[in-house]
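Accompanying notes for the structure given below.
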Number of protein chains: 2
Amino acid sequence: MKLPEFEKLDELFNPKSVALVGASPNPYSGGYAYAVHLLEDFKGRTFLVNPKVDEILGVKTYPSLMDIPERVDYVICSISAEKVLRLLDECSRKGVKLVHLFTARMAETGRSEGARLEKEIVKKARELGIRLLGPNCMGLYNPEVGLTYGYWFPKEGGSVGAIFQSGGASTDFVHYGTLRGLRFSKVVSYGNGADIDESELLYYFAHDRRTRVIAMYVEGVKNGKKFIDALQYATERKPVVVLKGGRGSAGARSVKSHTASLAGRMEVWRAVFKKCNAVEVETFDELIDQVVVFSFLPPIRGYRVLIAGGGGGKSVFSADQWEEEGFELPDLSPQARERLKEIAPGVWDWLRNPIDLSILQDTPLLPEELFRIVGENEEFDLFVFNLTEDDPLPLDLWEFWMGEQIKGVLRFKREGKPVVAVVSNGEVSMLEIKEWRWGLIAEMRKRMIDGAIPVFSSPRKAARAVKRAIEYWRRSQGNSVNLSCL
Amino acid sequence: MKLPEFEKLDELFNPKSVALVGASPNPYSGGYAYAVHLLEDFKGRTFLVNPKVDEILGVKTYPSLMDIPERVDYVICSISAEKVLRLLDECSRKGVKLVHLFTARMAETGRSEGARLEKEIVKKARELGIRLLGPNCMGLYNPEVGLTYGYWFPKEGGSVGAIFQSGGASTDFVHYGTLRGLRFSKVVSYGNGADIDESELLYYFAHDRRTRVIAMYVEGVKNGKKFIDALQYATERKPVVVLKGGRGSAGARSVKSHTASLAGRMEVWRAVFKKCNAVEVETFDELIDQVVVFSFLPPIRGYRVLIAGGGGGKSVFSADQWEEEGFELPDLSPQARERLKEIAPGVWDWLRNPIDLSILQDTPLLPEELFRIVGENEEFDLFVFNLTEDDPLPLDLWEFWMGEQIKGVLRFKREGKPVVAVVSNGEVSMLEIKEWRWGLIAEMRKRMIDGAIPVFSSPRKAARAVKRAIEYWRRSQGNSVNLSCL
């Protein structure tokens with residue numbers, strides 16, 4: 001994709017006015033949800049179109065697109081499939097440049113009339129010079145102009161660009177990613193991808209200067225060669241993390257009825273991902289973990305980890321899992337031991353990597369100081385902090401003890417040292433977060449997330465995500481990506 | 001272990017009076033925490049021993065064990081290591097039967113004097129006829145008599161017996177397990193296991209009628225033959241789920257400084273687990289997942305799953321991950337389709353297994369009714385429910401829509417159908433659980449957990465735990481365990 005094409009798409013993705021055709025007072029409908037989001041969040045002009053009611057959510061509606069007295073850049077189409085062709089004519093007369101078809105029930109139904117209609121719509125849009133997003137998708141989340149499609153999407157933007165064939169999964173990605181500290185340049189849910197497709201979006205995000213990492217959920221592509229070119233182009237410029245849906249036979253069947261895609265053979269996909277240096281993940285959780293690593297960890301290329309936290313059992317679990325993913329845990333250095341001997345003569349020879357912090361509780365050595373000492377004396381590629389959740393302390397002491405640890409971790413971060421944290425994940429209800437001490441654990445986790453530290457819910461997940469990132473960074477070292485990979 | 005020996009240990013584990021030797025007013029110490037727990041939870045008589053202060057937490061202390069005017073069954077020892085030998089003499093004179101050595105800094109320090117002292121203590125206890133739990137452990141959680149060692153341990157008992165070499169990990173196990181609906185017959189943290197060891201505890205829980213599943217975290221054993229006999233004995237009677245700590249070299253080093261154990265070669269351990277039909281897991285999360293399955297899922301031996309939930313992306317992820325773990329997703333039957341055709345002519349041929357519930361939102365078919373129809377018409381071994389978290393609905397409608405789904409899932413459970421649920425895990429803070437709609441998701445999860453449904457945080461975790469359980473149930477079918485496996 002040439003730069004002028006990027007600029008054209010970028011203009012379409014930053015509309016100054018949006019018309020919602022099929023705005024609805026029925027709160028079960030998309031036509032209602034989009035009206036809520038536009039009215040609450042969109043920074044440009046919003047027009048609601050509905051020929052049957054005069055107002056929705058207290059805002060006047062227009063009987064048709066043609067009745068809108070002002071210019072319309074962007075249309076969200078939430079009317080039934082058979083009415084779309086007629087709407088396109090109106091869009092053309094109105095000068096609309098992009099139509100987002102939230103409208104579904106086309107090729108994905110598996111019925112031939114649906115597939116035929118989808119083809120006709122694309123053909124007509126091309127004739128009229130209108131670009132289409134969809135059909136069967138949630139569309140565009142662009143925090144910069146306040147265009148959104150989910151409740152509680154963050155208003156501030158960020159550096160993650162996302163290309164999702166599934167609207168629901170993209171919504172979950174925004175929600176769960178936000179809790180981990182991610183913010184987004186743009187998220188595009190493109191559904192059946194009848195016009196704007198994953199390849200064009202890859203070029204788009206590769207060019208987009210706000211985007212530092214690309215997250216992708218793809219079920220199938222129509223043009224393999226085009227996709228490989230685009231993926232290669234993007235991975236040479238920034239990390240692309242891909243989750244492929246429809247890997248098995250039931251998954252593939254499900255993909256067909258979801259976005260009318262052909263899932264394809266997984267060994268071919270894997271070969272493409274590998275050749276293009278795309279980072280493949282297998283689950284939704286891994287997708288978020290991976291984007292978190294690329295967003296918050298500086299590139300590292302070695303496997304030496306220094307682990308601290310506790311108590312003993314947690315340290316053992318952690319060491320096992322990092323080692324099983326190929327990391328090394330060099331033992332503490334003589335220099336660090338000498339310093340520790342001065343302050344904590346009772347335990348200096350007993351402390352190991354992993355450092356079990358519960359050993360310190362009878363000594364004058366506080367965790368923050370220990371972190372400083374090892375930070376100054378040890379050679380390691382990554383510092384791993386395990387929050388201790390089992391401390392048998394009263395709440396105020398426990399808060400102090402954890403706070404000291406978090407301070408040390410945040411200092412590592414400030415000093416530019418690569419650091420990740422592991423905080424187990426209580427699956428708490430509203431009730432429990434008040435009753436249990438989960439609230440405190442959750443706050444400590446949040447303090448680290450707010451400090452741009454990657455926080456994972458298990459050592460295994462942390463180790464796998466960091467390992468995949470190291471492999472990416474090693475392969476892309478010195479821009480050695482082979483441009484002739486196709 | 002013969003039944004009389006079980007009965008002896010059972011008596012020791014159900015004391016009528018406990019003395020805490022080394023009770024302390026210092027809230028950082030174990031001697032404080034045990035005092036709090038005894039005074040708050042223990043149903044028998046509690047005596048606090050401290051020669052330096054007159055009272056702790058408003059309760060009178062005794063200068064020594066000998067000054068206690070009543071009988072003492074059980075001593076929690078929280079004094080320093082060098083004073084333990086003298087205490088044992090006093091215990092003997094006082095008729096104490098079990099001493100729990102919270103006291104640490106023995107063999108696990110790696111110093112020869114520590115190891116020597118530990119040996120002397122064991123020798124002396126044996127001469128005096130006193131049983132020891134520990135050293136270097138949190139001891140016993142027995143909800144029946146209110147003996148506990150962690151804040152917020154549940155007061156009510158249950159059917160999970162746990163044998164943990166790590167006290168901290170056992171605390172996390174109780175906390176996180178409780179959130180998943182687990183309750184415990186007894187949890188024993190045995191640390192260095194100098195006297196009462198993992199083997200004796202395996203026999204104990206094998207005999208214990210309250211215990212239906214045994215969870216075990218082991219770092220090393222001193223007597224391999226004895227352990228294999230005990231493990232075999234236990235697995236013939238109930239599922240034993242084992243997490244082995246110290247699998248790698250750093251983990252093994254850590255194990256040595258944690259509980260003075262020799263980690264041993266992992267291939268030997270795996271061969272033992274396999275031969276004995278113990279269920280091995282690799283992470284702490286998996287340990288809980290596995291115990292949840294054995295606690296709440298009836299034995300199944302087939303791999304056919306029917307998956308429902310949504311939306312489309314989540315259905316695809318789910319299908320992929322269940323298939324990758326060896327499960328099958330048979331498509332919907334003609335009978336079910338006929339019924340669906342009557343009620344939802346617009347979508348009946350479009351619904352597949354996995355069933356994407358978001359397809360229903362324009363139809364008169366409610367999720368609960370759909371669940372009933374497929375429940376009556378389909379042949380499957382397991383029903384898998386994926387809670388949809390991305391519904392673009394206002395809160396009240398969303399609550400209704402989710403509630404209908406949960407009703408259907410709970411009916412399956414009532415009818416005795418095997419069912420599991422997957423609810424993604426927002427890693428929320430106190431703030432977010434109020435602000436976001438996470439509160440509602442958390443409450444829906446809790447409703448299922450309170451209904452004794454196994455709830456997992458990802459399809460992968462659910463599929464792996466169920467698969468391991470099926471393998472166990474298949475191998476133990478018809479009591480075909482070979483008694484001569486040794």
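Treat the numbers as computed from the prediction; the structure is a model and nothing was measured. A note on names: the letters A, B, ... follow the listed sequences, proteins ahead of strands, and every chain is numbered from 1.
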### Message
Which atoms of B:R437 are under 4.5 Å from chain A, going by heavy atoms: the side chain, the backbone, both sets, or neither?
### Response
both

#### Entry: Contacting region of B:E219 [heavy-atom separation from chain A under 4.5 Å]
side chain

#### Entry: Pair B:F164-B:Y141, side-chain contact (heavy atoms from CB on, under 4.5 Å): steps then yes or no
CA-CA 11 Å; B:F164 268 65; B:Y141 164 45; over 6 Å; no

### Query
Side chain, backbone, both or neither: which part of B:S249 has an atom under 4.5 Å from a heavy atom of chain A?
both

### Query
Side chain, backbone, both or neither: which part of B:T178 has an atom under 4.5 Å from a heavy atom of chain A?
side chain

#### Entry: Option that, when pairs with chain A are counted at under 4.5 Å, heavy atom only, ranks first among B:S315, B:S457, B:P394, B:A252
B:P394

#### Entry: Partner set under salt bridge (charged side-chain N to carboxylate O under 4.0 Å, His left out) for B:E324, not counting sequence neighbours
A:R247, B:R460

### Message
Which one wins on heavy-atom pair count under 4.5 Å against chain B: A:T259, A:V316, A:V174, A:T171?
### Response
A:V316

### Query
Can you tell which of A:A169, A:A250, A:A104 has the highest number of heavy-atom pairs within less than 4.5 Å of chain B?
A:A250

### Query
At a heavy-atom separation under 4.5 Å, does B:L351 approach chain A through its side chain, its backbone, both, or neither?
neither

### Task
Sequence neighbours left out, what passes side chain to side chain donor-acceptor pair (under 3.5 Å) with A:S166? Give chain and number order.
none

### Query
If you count heavy-atom pairs under 4.5 Å with chain A, which of B:S257, B:G30, B:G311 comes out on top?
B:S257

## Note on the structure
Looking only at A:V423, A:V255, A:D331, A:I449, the option with the highest number of non-hydrogen pairs under 4.5 Å against chain B is A:D331

### Message
Looking at chain A, which one of B:L243, B:T109, B:I441, B:L329 has the largest number of heavy-atom pairs inside 4.5 Å, strictly under?
### Response
B:T109

### Test of ring centre spacing under 6.0 Å for B:F102 and B:Y34
yes

### Task
Check the surroundings of atom NZ in A:K256: do more than 12 heavy atoms from other residues, nucleotides or ligands lie under 6.0 Å from it?
no

### Message
Strictly below 4.0 Å, N to O, side chains only: are B:D349 and A:R111 in salt-bridge contact?
### Response
yes

#### Entry: Proximity breakdown for B:E282 and chain A, heavy-atom pairs closer than 4.5 Å
both

### Query
Is there a donor in the side chain of B:D285 and an acceptor in the side chain of B:T283, or the other way round, less than 3.5 Å apart?
no

### Message
Which one wins on heavy-atom pair count under 4.5 Å against chain A: B:G439, B:G248, B:S29?
### Response
B:G248

### Query
Does the distance from a Lys or Arg side-chain N to an Asp or Glu carboxylate O, for B:E325 and B:R464, drop under 4.0 Å?
yes

### Message
Quick check: do B:T363 and B:W348 have side-chain heavy atoms less than 4.5 Å from each other?
### Response
no

### Message
With heavy-atom distances below 4.5 Å as the criterion, would you say the side chains of B:V305 and B:E328 are in contact?
### Response
no

### Task
Run the numbers on B:F153 and B:H37 for ring pair (Phe, Tyr, Trp, His ring centres under 6.0 Å), then give the verdict.
CA-CA 10 Å; B:F153 279 22; B:H37 299 314; 7.3 Å; no

### Query
Do A:N386 and A:S318 meet the criterion of a side-chain donor-acceptor pair at a distance under 3.5 Å?
yes

### Query
Which bit of A:Y28 comes within less than 4.5 Å of chain B, counting heavy atoms only: side chain, backbone, both or neither?
both

### Task
Against chain A, label B:F173 side chain, backbone, both or neither, depending on which of its atoms sit under 4.5 Å from a heavy atom there.
neither

### Query
So which of A:Y32, A:F284, A:Y217, A:Y149 has the biggest tally of heavy-atom pairs under 4.5 Å with chain B?
A:Y217

### Query
Most heavy-atom pairs under 4.5 angstrom with chain B, which of A:K314, A:K244, A:R180, A:E108?
A:E108

### Message
Is B:I307 in contact with chain A via its backbone, its side chain, both, or neither, using a 4.5 Å heavy-atom distance?
### Response
neither

#### Entry: Residue A:L440 versus chain B: region with a heavy atom under 4.5 Å
neither

### Query
A:P330, A:G346, A:G167: which one forms the most heavy-atom pairs within less than 4.5 Å of chain B?
A:G346

### Query
Based on non-hydrogen pairs under 4.5 Å, which of B:P459, B:G150, B:S170, B:S254 is most in contact with chain A?
B:S254

### Query
B:S358 and B:D356: side-chain donor and acceptor closer than 3.5 Å?
yes

